[in-house]
Amino acid sequence: MALAGTYSIGRINFLRLPLFVTAVTAPAPHSQSSQFLRATCLFSRKLSTALAMDGSKISAVVEEFPSGIDPATEEEYVEQSKLLEEFTKIPNFDKAWTFKSDSGDSVVTFSISQANLLANKKRKYTLSAHISNGNDDSEVNFKWTPFPVEMIGVSTIVPSPAGSKFLAVRNPENDSPVQLEIWSAGQLEKEFHIPQSVHGSIYTDGWFEGISWNSNETYIAYIAEEPSPSKPTFTLSGYQKGCSTDKDSTNWKGQGDFKEEWGEAYAGKRQPALFVINIDSGEVKHVKIIEHSLSLGQVVWAPSIGEHQYLVFVGWSPEPRKLGMIYCYNRPCALYAVKAPEFGSEVNEHKLKDEAKEDFPIYNLTQNISSAFSPRFSPDGKSLVFLSAHSSVNTGAHCATNSLHRIDWPRDEKLSFSENIVDVVPVVHWAEDDLFPGLYSHGLLANPWFSDGHTIIITTIWRSRSAIVSIDILSGEVSCVSPDHTDYSWNVLALDGDNVIAVRSGPVTIPGLKYGFLIETETKDVVWNWVDVLNPMFNCSTKARTLLSHILFSILKIPVKDVSNCVTKGASEPFEAIFVSPFSKGNELKPLIVNLHGGPHSTSTSSFSKSLAFLAAVGFNLLIVNYRGSLGFGEDALQSLPGKIGSQDVNDVLAALDHIIDQGLANPAKVAVLGGSHGGFLTTHLIGQAPDRFVAAAARNPVCNLALMVGTSDIPDWCYVECYGREGKNYFTEAPSAEHLIHLYNMSPIRHVSNVKTPTIFLLGAKDLRVPFSNGLQFARALKEKGVDTKVIMFPDDKHPIDRPQSDFESFLNICVWFKKYLK
Ligand SMILES: CC(=O)N[C@@H](C)C(=O)N[C@@H](C)C(=O)O
């Protein structure tokens, strides 16, 4: 057997042997052997001692590789893991808030996150800057505070409206109380510990989440988990009648009834409910509503009506049952108003009587539309604007083109809510070439208002990029704020008066801060002018920056292959793909990775992606395909996919691949494919339907067998809609018939598994409720059974996205090494 090579540690030379080979050596002198032992421990090679036939001791170096490490690619593993660490370190700007300082200048505070690999958590910190104008109009200076401040154990921070205070939320990891802290410029002002008997963790998930200060900065409304229901108690004398909360060594708690939850990402989370805290007294009130079964979220304080204060929030009904919520905008929801609770001294006898009579009724403000979320009041308090995903609810597609609406807010004592919902930005079905393709935004900024009081700013998906637009809520006019002739992606973080603080990035361009303001040109046009904001983080990740500096990207238009199959104009228009490759092509084409997003109604925008940038830096070209069905291209193109998954989307990907091969941009013999979830569905379909086209594949929590998924996923309705089209919404049942299961099987990658010969790596999250790991594992086992080169990594604590820092790291390191192995 050939030796794999030699290497040395300290003064001792080791023979590097393949696994299972035992080298017999003479007993080493004591000092040498202890050094030997230390070194072997360090490198996880085992020193075995055994007795030979003649009774002498035999020491052996057994070359033992950790599980999953292939001796043939170990060096590659070492090298690429170092590079990936550089990319993992790159921080991300998550949010920003602006305030006015005493001097009248603006101050901006950024919330930044960065993966902490050792702790396997995201490290969160804040960094602030004073913004001042430079000498001429086109200059702006950011004077940064010297150091960031780490937010240890803090789930979120929310500044007060005037910016003089902020709330820090500390959610416990066990049954301890939730901690709320009120900070002012110089100190911690107040600290409240809310026991679990009042409520559980505060929602900071970006979906149900809503934390809102009232304008006087005296109360904070928020969404938190209802207290735990009491469970049956048993002792050695049997069942104890009644609700005892105490648990001790003489009793134990039973389970009680199974309670439905909102699926993926919400396992173990209790019903989201509405609470208000008085930050003077620390008193907390649960705003119990009559229709108790609603899950509440996104609460905001409404402008007062007469002397009454109202809270407006989103309510989701659990009927017919709670189905998976995250990424699913097709769950019906409405805006509701409820009178805010009153505290202590404010309550007089008369009011107490009134409240008892009224019993906190809630008003549905958006009865005439099937979806309403992200409520925001205009600064004058006259209008309430909100987003709607009614197209998604009505068609059953989990995400679709959104719309923006307005309703009038009553100003007088006589509370009558208007039923009139004004369409500000309606659903766009199809748009000429590069015109506004419709609104694809999932939320509004906490303060999205320009100073005119009727224009908002919002980030949306515009074909293959994210873009910033302004919307006049009175006229409905949509204007570009970020540059319109660019392939880069832009994302608004905050307004500074009428100026904009944004982030610009590209797939291989590390996010950079930008400051935008309106200027008048020589021709008297008013246009947005953008300047770079140098920030302390600019110096980070120099290595990654250098590696990426010679890589470019462009957005390609891909003509639809079979236009005769298209029922709408929108569906027959070209879709797009993002192509990433180095400047100088040289003679040899780099191996290509085709990358496919999930959903399927989602988009790979041209925003920075650490994992894809890493793969590009390693030396792969990328083709990132936004097949028809992706968000950002109008509703007709999107709705062309449901009912045709596994064929239309598969053919679009092959068309995009053919397109770049025809242009001489890819070597057809060196192509790999990578995707997660629905992107994993496409990956496993492609290697089955086009087995000669891909030399390696990587699938992250892939959908491989819809007939299995329909009975195990939190979104069985998704399987119906995507397999039958919008009719699937009506066919959906919890008891699929044999005919349904056959149809679902026929639409699945597993149907083509016998054709597959592509070596495939599977990355699976054992806690995924969306696409349970059984889908990927069944497919992987079927490949192994056929003798196809297959590798599976199971992450025991990961959910659908496999995004915990260590899991994300190990996933992309292995994907990279797997692709390098087969795409030499
Ligand atoms: C709606 C949904 O979650 N669909 C999954 C099959 C999927 O593809 N998920 C997306 C969001 C993903 O990228 O994981």
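Numbering of residues begins at 1 and proceeds along the displayed sequence. We count ligands from 1, going down the list as the structure has it; atoms in each ligand are counted the same way. Below, each value reflects all heavy atoms present in this structure, side chains not excepted, and no hydrogens, waters or symmetry copies. Keep in mind the model is a prediction, meaning the values are calculated, not measured.
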**OP:** Decide if atom NZ of Lys122 counts as having more than 12 heavy atoms of other residues, nucleotides or ligands within a radius under 6.0 Å.
**Re:** no
**OP:** Decide if the gap between the ring center of Trp818 and the ring center of Phe762 is smaller than 6.0 angstrom.
**Re:** no
Original post:
Does ligand 1 have a heavy atom under 4.0 Å from the side chain of Phe681, from its backbone, from both, or from neither?
Top reply: neither
**OP:** Report yes or no: does a heavy atom of Gly599 sit under 4.0 Å from some atom of ligand 1?
**Re:** yes
Subject >> Nearest non-hydrogen protein atom, atom 13 (O) of ligand 1 >> reply: Gly598 CA, 3.6 Å
Subject >> Stepwise side-chain contact (heavy atoms from CB on, under 4.5 Å) check, Thr568 with Trp430 >> reply: CA-CA 9 Å; Thr568 55; Trp430 170 74; over 6 Å; no
Subject >> atom 11 (C) of ligand 1 [closest protein heavy-atom partner, distance rounded to 0.1 Å] >> reply: Tyr327 CD1, 3.6 Å
Original post:
Looking at ligand 1, does any of its N/O atoms fall within less than 3.5 Å of an N/O of Arg770?
Top reply: yes
**OP:** Number the atoms of ligand 1 from 1 as they appear, then name those within less than 4.0 Å of a heavy atom of His398, with their elements.
**Re:** 1 (C)
Original post:
Is the distance between the ring centroids of Phe553 and Tyr488 under 6.0 Å?
Top reply: yes
Original post:
Side chain, backbone, both or neither: which part of His800 comes within less than 4.0 Å of ligand 1 when only heavy atoms are counted?
Top reply: side chain
Original post:
Is the distance between the ring centroids of His743 and Tyr724 less than 6.0 Å?
Top reply: yes
Subject >> SB check Asp658 Arg693 (cutoff 4.0 Å) >> reply: yes
Original post:
What's the shortest distance from atom 6 (C) of ligand 1 to any protein heavy atom, and which residue and atom give it?
Top reply: Ser677 OG, 3.1 Å
Original post:
Between Arg770 and Asp714, does at least one N-O distance fall below 4.0 Å, as a salt bridge requires?
Top reply: yes
Original post:
Counting heavy atoms only, which part of His678 comes closer than 4.0 Å to ligand 1: side chain, backbone, both or neither?
Top reply: both
